[in-house]
*Asks:* 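Take a look at this one; I'll ask things after.
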Amino acid sequence: LARALVSGYKYRFVEDGFDLDLTYITPRVIAMGYPSKGLESNYRNSVADVYRFFQERHGAHHLIVNLCSEREYSLDTFHGNCVRYPFPDHTPPA
């Protein structure tokens with residue numbers, strides 16, 4: 001319920017036991033909310049759930065691109081399948 005309230009009217013991926021702020025833009029490109037830990041994971045995407053999602057649905061064939069400049073997590077969180085290209089939130093690159 002908390003996740004749905006935070007998401008508002010945004011589309012959520014609710015399938016196969018997942019409830020994630022995530023959507024397929026194309027079959028090979030996914031947009032998702034920042035994965036979190038601890039208390040924040042009660043209303044945002046949990047790092048563990050995001051990891052499980054990519055392992056179950058895409059195996060080793062994925063790369064997570066972290067675009068968030070305000071926050072970061074260890075690139076090892078997703079076992080090397082993550083890179084960081086930060087830019088300010090709500091400011092698309094030119």
Side-chain angles (χ1 to χ4, degrees):
L1 179 62
R3 290 179 179 176
L5 291 173
V6 169
S7 291
Y9 294 105
K10 292 185 277 180
Y11 178 81
R12 296 188 63 80
F13 184 88
V14 181
E15 189 177 304
D16 298 330
F18 294 103
D19 181 7
L20 297 169
D21 177 8
L22 174 151
T23 189
Y24 280 84
I25 296 170
T26 73
R28 296 177 48 107
V29 176
I30 298 170
M32 70 175 178
Y34 188 88
S36 58
K37 294 181 178 180
L39 181 62
E40 193 176 35
S41 67
N42 289 323
Y43 56 92
R44 297 199 184 279
N45 288 345
S46 157
V47 166
D49 290 344
V50 170
Y51 178 78
R52 185 172 62 90
F53 170 83
F54 281 102
Q55 290 302 306
E56 288 182 14
R57 298 188 67 96
H58 298 284
H61 306 286
H62 66 276
L63 177 66
I64 296 171
V65 180
N66 179 359
L67 302 175
C68 183
S69 65
E70 296 85 7
R71 304 170 68 181
E72 64 182 280
Y73 45 84
S74 169
L75 299 182
D76 293 333
T77 300
F78 297 102
H79 300 284
N81 290 331
C82 185
V83 295
R84 190 165 186 260
Y85 294 100
F87 67 89
D89 199 13
H90 305 291
T91 308

*Asks:* Which atom names give the shortest non-hydrogen contact between C68 and Y34, and what distance separates them?
*Replies:* CB-CD1, 4.0 Å

*Asks:* Would you confirm whether N42, through its side chain, and L39, through its main-chain N or O, come within 3.5 Å as a donor-acceptor pair?
*Replies:* yes

*Asks:* Show me the donor-acceptor pairs, under 3.5 Å and distance only, between side chains in residues 23-32 and residues at least two apart or in other chains.
*Replies:*
residue	atom	partner	partner atom	Å
Y24	OH	H58	NE2	2.6
T26	OG1	R28	N	3.2
T26	OG1	V29	N	3.1

*Asks:* Can you list everything that forms a side chain to side chain contact (heavy atoms under 4.5 Å, CB included) with D16? Sequence neighbours excluded, please.
*Replies:* F18, R57

*Asks:* The test is side-chain contact (heavy atoms from CB on, under 4.5 Å); show your working for T77 and Y51 and say whether it passes.
*Replies:* CA-CA 8 Å; T77 300; Y51 178 78; over 6 Å; no

*Asks:* Please enumerate all residues that pass side chain to side chain contact (heavy atoms under 4.5 Å, CB included) together with R84, with sequence neighbours excluded.
*Replies:* N66, E72, L75, P86

*Asks:* Strictly distance-based, threshold 3.5 Å: is any side-chain N or O of N45 a donor or acceptor partner for the main-chain N or O of L20?
*Replies:* no

*Asks:* Would you say that V65 contacts V83 through its side chain, given a criterion of any heavy-atom pair below 4.5 Å between the two side chains?
*Replies:* yes

*Asks:* Holding to side chain to side chain contact (heavy atoms under 4.5 Å, CB included), I want the full list of residues that pass it with E40, two or more places apart in sequence or in another chain.
*Replies:* S36, Y43, R44, R71

*Asks:* Under 6.0 Å between ring centres: does that hold for H62 and F78?
*Replies:* no

